[in-house]
Amino acid sequence: MALAAGRAMLMRSGVRLGTQAAARGGNGARRFMNHRVVVEPNTVPGVAVIKFKNPPVNSLTLEFLTEFVICLEKLENDKTFRGVVLTSDCPGIFSAGLDLREMCGKNPAHYAEYWRAVQEMWLKVYLSNLVLVAAINGTSPAGGCLIALSCDYRVLADNPRYRMGLNETLLGLVVPFWFKDTLVNTIGHRASERALQLGLLFPPAEALQLGMVDQVVPEDQVQSTALSVMTQWLAIPDHVRQLTKNMIRKATADHLIKHQEADIQNFINFISRDSIQKSLQVYLENLKQKKH
Ligand SMILES: CC/C=C\C/C=C\C/C=C\CC/C=C/CC(=O)SCCNC(=O)CCNC(=O)[C@H](O)C(C)(C)COP(=O)(O)OP(=O)(O)OC[C@H]1O[C@@H](n2cnc3c(N)ncnc32)[C@H](O)[C@@H]1OP(=O)(O)O
């Protein structure tokens with residue numbers, strides 16, 4: 001998505017870009033702040049840390065997706081940056097995945113706009129020229145897991161309460177084919193068959209065993225480990241690494257690009273069904289009631 005289109009989407013969503021601020025931290029480094037995404041240059045040269053800050057659970061609202069894509073585009077266009085660590089500012093939650101309220105009780109035009117934003121976010125992350133390392137410091141179901149799976153490397157906090165996986169079937173949803181492709185490319189066909197049909201969410205030890213993440217480390221070392229892994233990836237010249245990444249990922253991304261409009265139409269038709277709307281409402285209601 002072009003930056004201009006993203007800005008237009010932000011405006012349509014009622015988000016004022018004037019609220020974005022550039023400040024200087026104690027070390028003089030620039031620190032870009034949006035509402036929901038905070039970008040911090042880190043101590044490792046050429047590396048930024050993006051922190052998701054969309055409380056309470058970093059759900060992927062339209063506004064969040066738009067800010068996230070704009071942040072990544074800015075970093076890609078700024079040649080000072082070669083790598084980005086993605087992590088969360090919300091304690092215990094990396095991301096709760098797609099925002100269920102964006103998919104519930106809205107009209108087809110909204111569903112189309114939302115689904116395009118989800119697609120564009122995935123394409124931006126999956127095909128990024130930057131090295132992307134996910135520092136997964138919390139639970140990451142469905143869309144949250146997709147973001148992590150689309151990075152080049154994943155470090156997960158060793159906390160048995162944190163779960164990771166594509167749980168769409170538990171919500172009565174069919175996993176989109178490109179979510180499925182991303183998982184199959186990571187953990188293989190057989191493991192994906194079981195994980196996707198049963199909507200399994202895995203604790204860290206199992207996620208590691210499956211190859212869903214590359215490392216599990218103590219919670220307080222997630223970001224530092226991600227940064228040290230980054231150093232290893234940045235030792236490879238950008239152009240050869242980027243060409244290699246593109247060679248491996250292009251076919252998967254092209255599959256969506258070729259069918260992007262049909263995928264949007266499928267999503268609208270599917271999500272607009274009365275039975276699906278009902279399941280989503282029940283799921284949201286259960287989330288609320290679990291507190292009482
Ligand atoms: C034939 C078909 C062909 C083609 C099909 C075409 C297309 C496919 C169609 C559809 C696919 C759509 C894909 C969807 C992927 C997704 O990402 S769906 C989202 C999945 N996410 C989840 O299941 C997570 C749900 N949340 C939780 O489990 C917990 O909230 C969580 C463990 C994250 C945190 O727990 P906790 O800290 O206890 O917090 P609460 O549960 O109390 O939550 C706090 C408030 O946040 C609200 N909330 C939670 N998650 C979401 C969310 N994903 N979206 C919106 N809101 C969320 C929750 O309701 C609480 O709100 P409240 O304070 O009560 O107002």
Side-chain angles (χ1 to χ4, degrees), residues 36 52-65 68 88-106 108 110-122 125 136-150 156-157 159-183 192 195-204 207 255-256 259-292:
R36 302 164 186 85
F52 302 151
K53 194 174 187 176
N54 197 20
V57 292
N58 281 335
S59 61
L60 307 177
T61 56
L62 185 57
E63 288 82 1
F64 174 89
L65 291 168
F68 180 33
S88 165
D89 196 58
C90 294
I93 308 204
F94 181 70
S95 164
L98 303 196
D99 191 291
L100 297 164
R101 293 159 306 184
E102 301 278 13
M103 303 188 284
C104 229
K106 303 282 198 300
H110 179 84
Y111 295 143
E113 183 178 22
Y114 183 62
W115 200 244
R116 191 181 298 283
V118 178
Q119 292 175 333
E120 296 294 349
M121 180 278 293
W122 177 70
V125 175
I136 311 163
N137 51 348
T139 278
S140 53
C145 176
L146 179 76
I147 292 179
L149 291 175
S150 305
L156 174 60
N159 184 329
R161 285 187 297 111
Y162 297 167
R163 304 282 150 143
M164 187 172 173
L166 298 179
N167 62 330
E168 279 79 354
T169 55
L170 297 185
L171 286 78
L173 300 174
V174 179
V175 73
F177 72 83
W178 37 286
F179 285 45
K180 177 267 295 173
D181 290 344
T182 310
L183 185 69
S192 299
L196 290 175
Q197 291 184 65
L198 299 177
L200 298 177
L201 290 169
F202 298 99
H255 190 192
L256 174 61
H259 300 286
Q260 201 162 355
E261 299 308 317
D263 185 59
I264 291 172
Q265 201 51 56
N266 276 342
F267 174 74
I268 296 171
N269 295 343
F270 182 77
I271 215 74
S272 305
R273 288 183 197 169
D274 287 346
S275 58
I276 301 299
Q277 285 292 306
K278 188 113 195 109
S279 317
L280 290 178
Q281 277 156 11
V282 169
Y283 192 80
L284 264 170
E285 205 44 52
N286 286 343
L287 280 179
K288 283 186 196 305
Q289 279 179 5
K290 129 192 127 170
K291 290 184 191 158
H292 303 296

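The figures here come from the full heavy-atom set of this structure, side chains too, leaving out hydrogens, waters and symmetry mates. Order of appearance sets the numbers: ligands from 1, and atoms from 1 within every ligand.
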Nearest heavy atom to [atom] wins, so pick from [options].
atom: atom 37 (O) of ligand 1; options: Val175, Ile93, Ile147; answer: Ile93
atom: atom 10 (C) of ligand 1; options: Phe177, Trp178, Phe267; answer: Phe267
atom: atom 20 (C) of ligand 1; options: Gly97, Gly92, Ala142; answer: Ala142
atom: atom 50 (N) of ligand 1; options: Pro141, Ala96, Ser140, Gly199; answer: Ala96
atom: atom 1 (C) of ligand 1; options: Phe179, Tyr111, Phe270; answer: Phe270

N/O to N/O below 3.5 Å, does that happen between Leu173 and ligand 1? no
Less than 3.5 Å between some nitrogen or oxygen of Tyr283 and one of ligand 1, yes or no? yes
Any idea which atoms of ligand 1 are less than 4.0 Å away from a heavy-atom of [X]?
X: Lys288; value: 62 (P), 64 (O), 65 (O)
X: Pro56; value: 44 (C), 45 (C), 46 (O)
X: Gly143; value: 16 (C), 17 (O)
X: Asn167; value: 22 (C), 23 (O)

Checking Asp99 against Ser59: is there a side-chain donor and acceptor pair closer than 3.5 Å? yes
Over 60° means perpendicular and under 30° means parallel, so tell me whether His259 and His255 are parallel, tilted or perpendicular. perpendicular
Which of parallel (below 30°), tilted (30 to 60°) and perpendicular (above 60°) describes Phe179 and Trp115? parallel
Determine the minimum heavy-atom distance between Leu156 and Met164, stating which atoms define it.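 Looks like CD2-SD, 4.4 Å.
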Quick one: pull up CZ in Arg101 and CG in Leu280 and give me the separation to the nearest 0.5 Å.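 So the gap between those two atoms works out to 13.0 Å.
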How far apart are the C-alpha atoms of Tyr162 and Phe94, what are their side-chain angles, what is the distance that settles it, and do they pass the ring pair (Phe, Tyr, Trp, His ring centres under 6.0 Å) test? CA-CA 9 Å; Tyr162 297 167; Phe94 181 70; over 10 Å; no
